[in-house]
Amino acid sequence: MRIPCPFCGSRDSQEFSFLGQAGLKRPDPNAPDAQKQFHDYVHIRDNKAGVTKELWLHANGCRSWITVTRNTLTHEITGSEFASPLTKEAAQ
Amino acid sequence: MADLSLSPRSALAPFLHAGHHGAEGKIGVTLREVTACALVELTTFKGQKAALAQAIEKAFGVALPAANKSASKDGVTFVSVGPGKWLVTGEGAAEHDLIARLEEAASSLAAIVDQSDARAIVEISGHKARVALAKGVMIDLDPVAFKAGDAATSFAVQFWITLWQTNDTPTYRLAVFRSMGRDLLHWLESSAAEYGYEIDVSSHSISE
Ligand SMILES: [Zn+2]
């Protein structure tokens with residue numbers, strides 16, 4: 001599998017490590033139902049069949065976190081972008 | 001009184017066996033440790049990239065290279081290693097004043113971290129250098145895709161490498177964490193053996 005890094009270009013997937021679903025928001029630890037919210041934040045995932053957004057680290061490359069758009073049915077990767085706007089700014 | 005002055009020690013000297021090895025009667029590859037070389041990692045501060053590029057251009061006469069590129073002038077080489085990050089090498093006169101020059105030019109614009117004793121650098125050159133490297137490096141080294149001035153951070157032989165090509169011989173340089181230098185050298189020797197290779201230790205002049 002090849003993954004397009006927005007900085008390095010197309011690279012072998014062995015250079016990357018996978019974290020999981022992108023876009024999770026860390027809950028407020030002071031919320032009244034914080035325990036339930038953290039349970040869901042840590043454990044509950046959409047497990048979608050189709051197009052997903054995932055976080056990958058280009059660990060053995062430029063060391064950037066990137067958000068990869070991947071179809072879990074076909075493994076087709078249709079895009080990637082820097083996960084952090086700061087990384088994006090530094091790359092320009 | 002004991003002499004407490006410190007001097008740089010080669011990462012690889014104990015493992016370099018000068019002379020010809022591998023296939024007899026031919027030298028397809030030459031391997032050399034790059035010594036007497038200052039190394040700095042330069043990381044732009046938030047929002048300062050344009051100012052940093054300007055400061056480096058003014059102080060070193062070099063445009064900071066874009067992704068997958070390197071740029072050199074007067075013994076100083078900037079290798080792009082990530083967004084807003086460069087590995088900078090200094091040789092010759094620049095070995096001794098690289099950090100001071102970078103700090104003078106850019107200490108308010110970037111983090112300047114001395115890596116001189118943290119990496120090992122091996123140079124591989126010769127008409128078989130490309131095929132020897134290609135056995136373990138996952139990026140395309142064909143001259144159509146990778147030539148002098150090109151650079152990459154990638155994965156080879158189980159570890160993280162910074163690789164850049166310095167001329168069309170071709171000559172490549174590989175930087176790895178210092179403790180992995182021996183393994184890198186071992187792999188390069190295995191890879192080059194079928195072409196015949198020479199280990200050049202002429203740059204190891206200081207006692208190591
Ligand atoms: Zn990358």
Side-chain angles (χ1 to χ4, degrees), chain A residues 1-26 28-29 51-92, chain B residues 41-53 56 63-70 79-87 106 109-111 113 115 134-142 144-146 150-164 174-177 180 184:
Chain A
M1 186 164 84
R2 307 281 297 179
I3 295 177
C5 170
F7 190 75
C8 304
S10 172
R11 292 296 185 88
D12 193 282
S13 64
Q14 287 178 70
E15 292 185 4
F16 299 79
S17 67
F18 177 73
L19 180 72
Q21 187 178 324
L24 296 173
K25 287 264 181 298
R26 186 181 174 82
D28 174 7
V51 176
T52 60
K53 299 256 186 194
E54 300 166 335
L55 283 173
W56 290 77
L57 175 66
H58 196 186
N60 285 298
C62 67
R63 308 198 146 178
S64 302
W65 280 103
I66 61 174
T67 305
V68 175
T69 307
R70 183 172 72 94
N71 188 321
T72 58
L73 293 174
T74 62
H75 292 310
E76 185 189 10
I77 291 173
T78 48
S80 70
E81 55 188 349
F82 292 111
S84 159
L86 289 178
T87 316
K88 184 176 178 183
E89 181 210 286
Q92 274 161 357
Chain B
E41 190 156 275
L42 181 70
T43 307
T44 182
F45 289 150
K46 185 176 164 185
Q48 299 297 337
K49 186 164 173 205
L52 176 64
I56 295 296
L64 276 178
N68 302 316
K69 295 284 175 193
S70 71
V79 182
S80 169
V81 292
K85 289 186 282 190
W86 294 267
L87 187 68
L109 306 171
V113 182
Q115 300 284 355
K135 291 183 195 176
V137 171
M138 293 193 296
I139 56 170
D140 186 358
L141 297 175
D142 187 282
V144 172
F146 200 92
D150 285 340
T153 52
S154 185
F155 191 59
V157 223
Q158 304 300 315
F159 42 77
W160 186 55
I161 58 163
T162 301
L163 167 74
W164 64 106
L174 289 113
V176 295
F177 292 129
M180 294 170 180
L184 173 71

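The figures that follow rest on heavy atoms only: side chains count, while hydrogens, waters and symmetry mates do not. Per chain, numbering begins at 1; letters A, B, ... match sequence-line order.
Note on residues 13-26 of chain A: pairs passing salt bridge (Lys or Arg N to Asp or Glu O under 4.0 Å), not counting sequence neighbours, are A:Arg11-A:Glu15.
For B:Ala50, no part sits under 4.5 Å from any heavy atom of chain A, backbone or side chain. The contact between B:Ser80 and chain A is made entirely by side chain atoms (from C-beta outward), counting heavy-atom distances below 4.5 Å. Interface remark: B:Lys46 contributes backbone and side-chain atoms alike to the contact with chain A (heavy atom separation under 4.5 Å). B:Ser154 touches chain A through backbone and side chain together, each having a heavy atom under 4.5 Å away.
For B:Asn68 against A:Cys8, the heavy-atom pair with the smallest separation is ND2-O, 3.1 Å.
Scored by the salt bridge (charged side-chain N to carboxylate O under 4.0 Å, His left out) test, A:Lys53 finds no partners at all (sequence neighbours excluded).
Residues of residues 80-92 of chain A lying under 4.5 angstrom from chain B, judged on non-hydrogen atoms, are A:Phe82, A:Leu86, A:Thr87, A:Glu89, A:Ala90, A:Ala91, A:Gln92 by number. The contact list for residues 58-70 of chain A toward chain B, using heavy atoms and a distance under 4.5 Å, reads A:Ala59, A:Asn60, A:Gly61, A:Cys62, A:Arg63, A:Ser64 by residue number.
Enclosure of atom CD in B:Gln158 is not indicated, since only 12 or fewer non-hydrogen atoms of other residues, nucleotides or ligands lie within 6.0 angstrom.
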